[in-house]
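Start at 1 and go down the list; that is how both ligands and their atoms are numbered. In what follows, every heavy atom counts, from backbone to side chain, and hydrogens, waters and symmetry copies are set aside.
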Amino acid sequence: MQRLAPALRDDEVPLDLISLIKTILAATKEISFRVSQAHLGGLMGSTLDENIQGEIQKKLDVVANELFKDILLESGFVKAISSEEEDTSVAGEEHGKFIVSFDPLDGSSNIEINSLIGTIFSIHYADPDLAANDPDQFKQAGTKQCCAGYVLYGPSTMLVMTTGKGTHLYVLDRTHGGYLLVERNMQIPQDTQEFAINMSNQRHWQAPMQQYIADLLKGEEGPRGKNFNMRWIAAMVGDIHRLLCRGGIFTYPTDNKNPDKPYKLRLMYEANPMAFLVEQAGGLAVTSEGRIMDIDPTDIHQRVEVIMGSKNEVEQCLSYYK
Ligand code: AFP
């Protein structure tokens, strides 16, 4: 099994980007340790603070965010960061070459039940003409990402990452303390019989999604002529990991539960990095109106509709919107 840096050099990843990735991964190793010790280290439960999303922060959210932020800003490679847990972007090194968006702990409602959680990150080249403290740095489409990935804190700590030359799977080997490449070029099967959606929102979806899911539920007797299984982990990292491993369709569709908030997932640090990983593995990642990575961001905390996974199934879903 190949170590991380030689594997990245095989993909001709520039040395400064390799150094940044190694910095990010150093933070994830520490987060992985803190997650495993959360009960023993007094890190369970919530703080009394709300983040910019209006969500009460978990103690581990705060610890993971501080760790990630500090290590990135001290690295010297990073011009600015944006995080799910920060109100706006945070300036780093004025001459830093990269900007990084991240969700330090995705799926934090799973912390208390010892279920899957993870860190998601997305890297762009910084705009040399904008100041480090200018949040407009982050108004770059997903197509301009030079690297994206997530680290899943599960039974094994796993890294899934792309630099635009395929999506690769690494496992944290605690015996030597580094990530080892275990699968090069993950491929999402084009067809699937598995879907992931929060069914409790069904009555709030738009008509096309209502109809699509209703047809899946009809199984062999319905228009699709086959049975479908359903899974929902409530952490995008877990659901996307499953579909990268064995296929599936994942969606958080538009809903009318709260007219001011028709979408749940965040573009910059959830939808875009996952879209890059899914597309590099042969899948599709779209909204009902087009490709996720083509969206021109207007805000760091912008939310979007998300439909991604096995190519043929995503196309089936989209056909209901035509
Ligand atoms: P947090 O990172 O705030 O825990 O949110 C997780 C998430 O954004 C995404 O990872 C899940 O797919 C989704 O929310 C779960 O949403 P439900 O609460 O509707 O299950």
Participant: With atoms numbered from 1 as shown, which atoms in ligand 1 lie under 4.0 angstrom from a non-hydrogen atom of Leu265?
Facilitator: 8 (O), 9 (C)
Participant: Is there a side-chain contact between Met158 and Val237 (heavy atoms, below 4.5 Å)?
Facilitator: no
Participant: Name the one of Tyr269, Phe68, Tyr150, Phe138 that satisfies ring-ring contact (aromatic ring centres under 6.0 Å, His included) with Phe102?
Facilitator: Phe68
Participant: Heavy-atom contacts under 4.0 Å between Val237 and ligand 1: side chain, backbone, both, or neither?
Facilitator: neither
Participant: How close does the nearest protein non-hydrogen atom get to atom 18 (O) of ligand 1, and which residue and atom is it?
Facilitator: Lys264 NZ, 3.3 Å
Participant: Identify the closest protein heavy atom to atom 8 (O) of ligand 1: which residue and atom is it, and at what distance?
Facilitator: Glu270 OE2, 3.0 Å
Participant: Between Met293 and Phe276, is there a side-chain heavy-atom distance shorter than 4.5 Å?
Facilitator: yes
Participant: Of all the atoms in ligand 1, which lie at a distance below 4.0 Å from a heavy atom belonging to Asn198?
Facilitator: 17 (P), 19 (O), 20 (O)
Participant: Under the 3.5 angstrom rule, does the side chain of Ser89 hit a backbone N or O of Ile81 as a donor-acceptor pair?
Facilitator: no
Participant: List ligand 1 atoms under 4.0 Å from Asp103, heavy atoms only on the residue side.
Facilitator: 2 (O)
Participant: Which atoms of ligand 1 sit under 4.0 Å from any heavy atom of Met236?
Facilitator: 9 (C), 10 (O), 11 (C), 12 (O)
Participant: Please indicate whether Met230 has more than 12 foreign heavy atoms, meaning atoms of other residues, nucleotides or ligands, lying under 6.0 Å from its CE.
Facilitator: yes
Participant: Which of the numbered atoms in ligand 1 are under 4.0 angstrom from any heavy atom belonging to Arg266?
Facilitator: 8 (O)
Participant: Considering only heavy atoms, does Asp106 approach ligand 1 within less than 4.0 Å through its side chain, its backbone, both, or neither?
Facilitator: both
Participant: Considering only heavy atoms, which of Ser108, Ala234, Gly107 lies nearest to atom 15 (C) of ligand 1?
Facilitator: Ala234
Participant: Measure the distances from the heavy atoms of Leu105 to every atom of ligand 1 and state whether one is below 4.0 angstrom.
Facilitator: yes
